[in-house]
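Just so it is clear: chains get the letters A, B, ... in the order the sequence lines come, proteins before strands, and each one is counted from 1.
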There are 2 protein chains.
Amino acid sequence: MVREEDILQKLESHQLRKTAFRKEVLELFMASEGEALSNQELESQLDNPDRITLYRTLKAFEDKGLIHLAADSGGISRYALCLADCTTHAHHDQHAHFQCRTCGKTICLEGEVVIRAQAPAGYKVERENLTLEGLCDECI
Amino acid sequence: MVREEDILQKLESHQLRKTAFRKEVLELFMASEGEALSNQELESQLDNPDRITLYRTLKAFEDKGLIHLAADSGGISRYALCLADCTTHAHHDQHAHFQCRTCGKTICLEGEVVIRAQAPAGYKVERENLTLEGLCDECI
DNA sequence: TTCCAAATGCAACGCCGTTGCAATAATTTT
DNA sequence: AAAATTATTGCAACGGCGTTGCATTTGGAA
Ligand SMILES: [Mn+2]
Ligand SMILES: [Mn+2]
Ligand SMILES: [Zn+2]
Ligand SMILES: [Zn+2]
C-alpha cells in the first residue's frame, strides 16, 4: 500500500502539480516498485485513461527526474521509478534491466553491474545500456 | 566495392532468391560493413525504394540469419550484417553495439565484451543486450 | 519453355507518438 | 477569499511506421 502523503510529497519535491491524474499514475509506479511499466499496463489500471494525458504525464515525470525509461529490445517503452535522487535533466541511475521474453515483465537491477566493452579509438562512451533477457520467476 | 559474385553467393547460401531488390539491399549492408542501418538510411540509397518491400526483405534477411537487429534506445530499428555464421532462426552473434547520440551512427563492437549482472534468484538469463552510447569519431 | 512458388508493389488498416487548442484545474497574488 | 496567472487536461487531428491482403510479376525448377 502506498500512503497518499508520500505521493504528494514526491510530486511536490519534483515540482509537479498535484493533480488527480498524476497522483494516480505515480501511485501505480510506487505500488510496483522496481518494475517498469508500459503505457498499456498503466492505461489498463487508470480510472480515466487518456493516452495523450498519460503521454504528457510520463514525459513530465521523466523530465523532472521521477521516472526513467527502460529500453525494450522490441521497441516498447517502459518506465520505472527512479531509485536514486534524480532531478530535472539529471538522471543518476545507471543500472541494468531484466526483461522476461514471455510475459514482458521488466524490472530494474540494482545490484552490481560490471560492464567491459571497448569502443573504437576516437570514440567517446558516455552511457552504457544493458538489458538482460530471459524468463522471470513466474514464467520459468 | 562489393563484388556481385559475393552478393549472389551470400543470398544463395542463405536460401534467398536473387532478386534485384534483394541484391541492392544486401550490397548496401556489405558496403557498410560493421555499421547498422535504419530503414530510412536504406530507403534513401535504393533505386526504387518501397518501404513495404524493404520491410519484408529485412524480415527475410533476419529470418535467414543474414542480418541482425541492433536495438536503439530511441526505438529506431537498425540492422547490420551478421558477422558469425548465423542461419535460420539461429543467430550466434552476441556482441555489443555503439550508437552516436548526435548522428545516430551505430556500429557492431566485435571486441571482447564482459558483462556481469545478476538477475534475482529464480530468474533465468538467456541473452544480454549491451549498447554503448556516446559520440563517434566524426561527431566528437 | 512451361509451371509453380515466392517476391514485389500497391492499397489499406491500426497503433502510437506528437502537436494545437479550448476548457478546466492548481497555484500564486492581491 | 477572490481574482489573476499559469499549468494541466481532454479532444481532434496529423504523420510515421509496422503489418497484412491481394493481384501482378519474377525466379528457379521441371
Ligand atoms: Mn530502471
Ligand atoms: Mn551487431
Ligand atoms: Zn515472465
Ligand atoms: Zn556521430
Side-chain angles (χ1 to χ4, degrees), chain A residues 4 7-28 36-79 88 104, chain B residues 4-5 7-29 36-79 88 104:
Chain A
E4 168 125 20
I7 298 173
L8 297 177
Q9 190 273 327
K10 204 149 196 155
L11 285 173
E12 180 155 358
S13 68
H14 287 268
Q15 300 143 53
L16 289 160
R17 290 200 175 179
K18 309 176 194 72
T19 69
F21 197 95
R22 292 183 173 183
K23 282 190 278 185
E24 211 182 342
V25 173
L26 181 52
E27 180 170 15
L28 291 177
L37 306 172
S38 67
N39 287 49
Q40 278 198 348
E41 290 165 343
L42 290 166
E43 279 178 46
S44 70
Q45 296 182 73
L46 288 173
D47 281 339
N48 181 25
D50 178 71
R51 68 183 194 93
I52 290 100
T53 304
L54 178 60
Y55 163 73
R56 284 193 266 231
T57 297
L58 295 176
K59 230 179 167 185
F61 280 13
E62 186 188 27
D63 199 57
K64 294 292 168 58
L66 236 173
I67 60 177
H68 64 272
L69 185 61
D72 179 324
S73 62
I76 297 176
S77 293
R78 286 168 191 272
Y79 289 91
T88 304
Chain B
E4 168 126 18
E5 184 189 334
I7 297 172
L8 297 178
Q9 191 274 326
K10 203 148 198 158
L11 285 173
E12 181 156 355
S13 68
H14 287 268
Q15 300 142 53
L16 289 160
R17 290 202 175 177
K18 308 177 194 73
T19 69
F21 197 95
R22 292 183 174 182
K23 282 190 277 184
E24 211 182 341
V25 173
L26 181 51
E27 180 169 15
L28 291 177
F29 278 117
L37 306 173
S38 67
N39 288 48
Q40 278 198 347
E41 290 165 345
L42 290 166
E43 280 178 45
S44 69
Q45 297 181 74
L46 289 173
D47 281 338
N48 181 26
D50 179 70
R51 68 184 195 91
I52 291 99
T53 305
L54 178 59
Y55 164 72
R56 283 192 267 230
T57 297
L58 295 176
K59 230 179 167 182
F61 280 13
E62 186 188 27
D63 200 55
K64 293 293 168 57
L66 236 174
I67 61 177
H68 64 273
L69 185 61
D72 180 324
S73 61
I76 296 177
S77 292
R78 287 168 189 273
Y79 290 91
T88 303

### 4.5 Å side-chain heavy-atom contact, Phe61(A) and Arg22(A)
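Side-chain contact under 4.5 Å: yes.
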### Query
Just wondering, do Leu66(A) and Lys10(A) contact through their side chains at under 4.5 Å, heavy atoms?
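Yes; the side chains approach each other to less than 4.5 Å.
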### Task
Indicate yes or no for a side-chain donor-acceptor contact from Gln45(A) to the backbone of Leu28(A) under 3.5 Å, with no hydrogens or angles considered.
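Absent.
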Is the phosphate of [N], meaning OP1 or OP2, less than 4.0 Å from a side-chain N or O of [X]?
X        : N       : result
Thr57(A) : dT9(D)  : yes
Tyr55(B) : dC17(D) : no
Arg22(A) : dT8(D)  : yes
Lys18(B) : dG28(D) : yes
Thr19(B) : dT8(C)  : yes
Gln40(A) : dC15(C) : no

Between [X] ([atom1]) and [N] ([atom2]), how many Å, whole number?
X        : N       : atom1 : atom2 : answer
Ile76(B) : dG15(D) : CD1   : C1'   : 15 Å
Leu16(A) : dT9(D)  : CG    : C1'   : 15 Å
His14(B) : dG28(D) : NE2   : C1'   : 19 Å
Leu11(A) : dT27(C) : CG    : C1'   : 14 Å
Ile52(B) : dT20(D) : CD1   : C1'   : 10 Å
Asp50(B) : dG18(D) : CG    : C1'   : 13 Å
Glu62(A) : dT18(C) : CD    : P     : 10 Å
Arg17(A) : dT24(C) : CZ    : P     : 17 Å

### Task
Could you tell me whether Gln15(A) contacts a base, only the sugar-phosphate backbone, or nothing, with contacts defined as non-hydrogen atoms closer than 4.0 Å?
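The residue Gln15(A) makes no contact with any strand.
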### Query
At under 4.0 Å between heavy atoms, what does Glu12(B) touch on the DNA or RNA strands: base, sugar-phosphate, or nothing?
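No contact.
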### Task
Look at the side chain of Arg51(B) against the base of dG16(D) and say whether a donor-acceptor pair falls under 3.5 Å; ignore hydrogens and angles.
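It does not, because no donor-acceptor pair links the side chain of Arg51(B) to the base of dG16(D) below 3.5 Å.
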### Task
Assess whether one donor atom and one acceptor atom, taken from the side chain of Arg56(B) and the base of dG9(C), lie less than 3.5 Å apart.
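Under the 3.5 Å cut-off, the side chain and the base do form a donor-acceptor pair.
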### Message
Here's a test of your reading of the structure: between Ala60(A) and Asn39(B), which maps to the more 5' nucleotide of DNA chain D?
### Response
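Here Ala60(A) is the residue nearer the 5' end.
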### Task
Answer yes or no: are there more than 12 heavy-atom neighbours, outside Glu43(B) itself, under 6.0 Å from its atom CD?
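Counting neighbours around CD of Glu43(B), more than 12 heavy atoms of other residues, nucleotides or ligands fall under 6.0 Å, so yes.
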### Task
Could you tell me whether Gln40(A) atom CD has more than 12 heavy atoms of other residues or ligands within 6.0 Å of it?
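Incorrect, the count does not exceed 12.
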